[in-house]
Amino acid sequence: MKTSSLGSSSRALSSLPRCRTCRPGFFRPLQRQKRSFQRDSKQAVPDFAFAFDIDGVLVRSAKPIPHASTTLQFLQRNSIPFILLTNGGGKHESERVKDLSEKLSLSLDTSMFVQSHTPFAELVHGEKGLRNKCIMVVGGEGGKCREVAEKYGFTNVVTPGDIYAAHPEISPFSRPFKESYYGTFARPLPKPINASSPEDSLKIDAVFVYNDPRDWGLDLQVIMDVMLSHQGIMGTYSSKNGDPSLPNSGYLQDGQPPLYFSNPDLLWAADYHLSRLGQGGFRAAVEGVWQALTSSKNHPTPELYKEIIGKPYKLTYEFAEKQLLRHRDELFHEKAPPLRKVYMVGDNPESDIRGANSYESPHKVEWVSLLTRTGVYQDRPGQRPNWEPRAIVDDVKAAVQYALKDSNWHESLD
Ligand SMILES: [Mg+2]
C-alpha cells in the first residue's frame, strides 16, 4: 500500500464496500438520529449547499463564534442543506452532534456530520472487512476512540495504553504518570506480547490514528514496533528490514499491517494566541523517526506506507459530497434540481481551501472555497494564503451572505 497523494483516492478505502440497501455508489450511512428539520413544501429548492468546518468557523475552543448559530438557523429555516465537515474527532458522531447542537442551539443530525475518522467506519464491512480483526486505535482522550471504533462495528480493538498496562517495560519513562492515566481505561490484551513464542503473541492487523495522541512517546514507539515487526506480531522484528535486494529496502515487505492516519492538519486554532500542533504534527514526528530508524548508507531511504484521510484529501470530500447528496434527496425528494455548487466555509487554507479547490466532483458539482478570519488564518500585511480561496470573509455569516448573493438566492441574511 502506497502513500495516498492529494487528489488520488486511497487503494483500501476507494475499494470499500457499498451499502446494499442504498442506491449504487453510495456509502453505507452511519446510523442516523431524528431528522434535523422539516421542510415546508412551498419553499424554493436551492441548487447549492454548504459544507462548514467546525473549529475556527462555528466554535473556537468549545465556545460558539458570534453569528454561527443564527446563520445555521437561517439555513435551516430556508431548507438550504449543509453538512459539517471537520478534521476534528475523538468522539462518536452522535456525541459530537449532541455537543454542537447544545452549543449552537440547533437540531443537528449525525448524517450531516463528517469527522476526519468517519470514513474508517467503512472498513468494518465486506469480505476484507476488519470487523473481527485486531486493530490498534491510537489517540484521543482516555478510551474514547476505542469506544468510537466499537460503535463503528470493530469488535477487537486494542490501544497503546492496553499494551503499556500489560508490558510497562515497552516505554520506560514517566511511569507514575502513565500508570495513573492508563489505569483509568486500559483493558487486558487479547494476547500478551510473547517474544519466545510469536505464534502466541499479540498480532495487530491494522493501525488507526483516530485523534491527537496524548502520549506521543508511547504511541510513536508502539507504531514503530508494529511497522518494523514480522506480520504485525508484537515483540518481533522482521528479518527483511534493511535488505537492499528487496523493494523498499525490505521495509514493510513482511506482512506488516496498514497504517491509517486521520486529520492531516499540522496546526489548529486553540485558546493560545498562536496555532497549536495538530495530528499532522504527530504524523510528521512518526515519519521523521521512521526515517531516522531506517536510513542507511547501504540502501535508499525506505518509504513509510500509509493512508491519510481528512481534509484536504479527495476521499473525504467524496464522502462528504455523497452525504450531502443523500441529505438533499431526503429533504427534497425528486423535486430537486441537480446540485450545482457547494460552498466550503473554512478557516484553514491548507485543509479547507486546498481540499475544496483541488476536489473534482464526479457529480460535476462546483466546490467554492470561502476562507474566514475567525480561526487559523489571520490577515498579515503583504501576505496571501498559500491556497487562494474564492473570497476571504470576516466570519461564517459573511460567508453565507456571499454565497446567497453568488447563487441569487431570493432571501438575504441580515
Ligand atoms: Mg478549522
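Values reported hereafter were calculated over all heavy atoms of this structure, with side chains retained and with hydrogens, waters and symmetry mates removed. Ligands are counted one by one from 1 in listed order, and the atoms in each one are counted from 1 as well.
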- Query: Would you call Asp47 and Leu339 a side-chain contact if the rule is heavy atoms closer than 4.5 Å?
  - Reply: no

- Look at the rings of Trp290 and Tyr251 and say which category their plane angle falls in: under 30° parallel, 30 to 60° tilted, over 60° perpendicular. perpendicular

- What about the rings of Tyr210 and Phe120, do their centers lie closer together than 6.0 Å? yes

- The number of protein N, O or S atoms lying under 2.8 Å from the Mg ion (ligand 1) is 3

- Item | Close aromatic pair by centroid cut-off 6.0 Å: Phe173 and Phe177 | no

- Message: Centre-to-centre under 6.0 Å for Phe154 and Phe208, is that the case here?
- Response: yes

- Query: Taking the six-membered ring for Trp, is the centroid-to-centroid distance between Tyr343 and Trp367 below 6.0 Å?
  - Reply: no

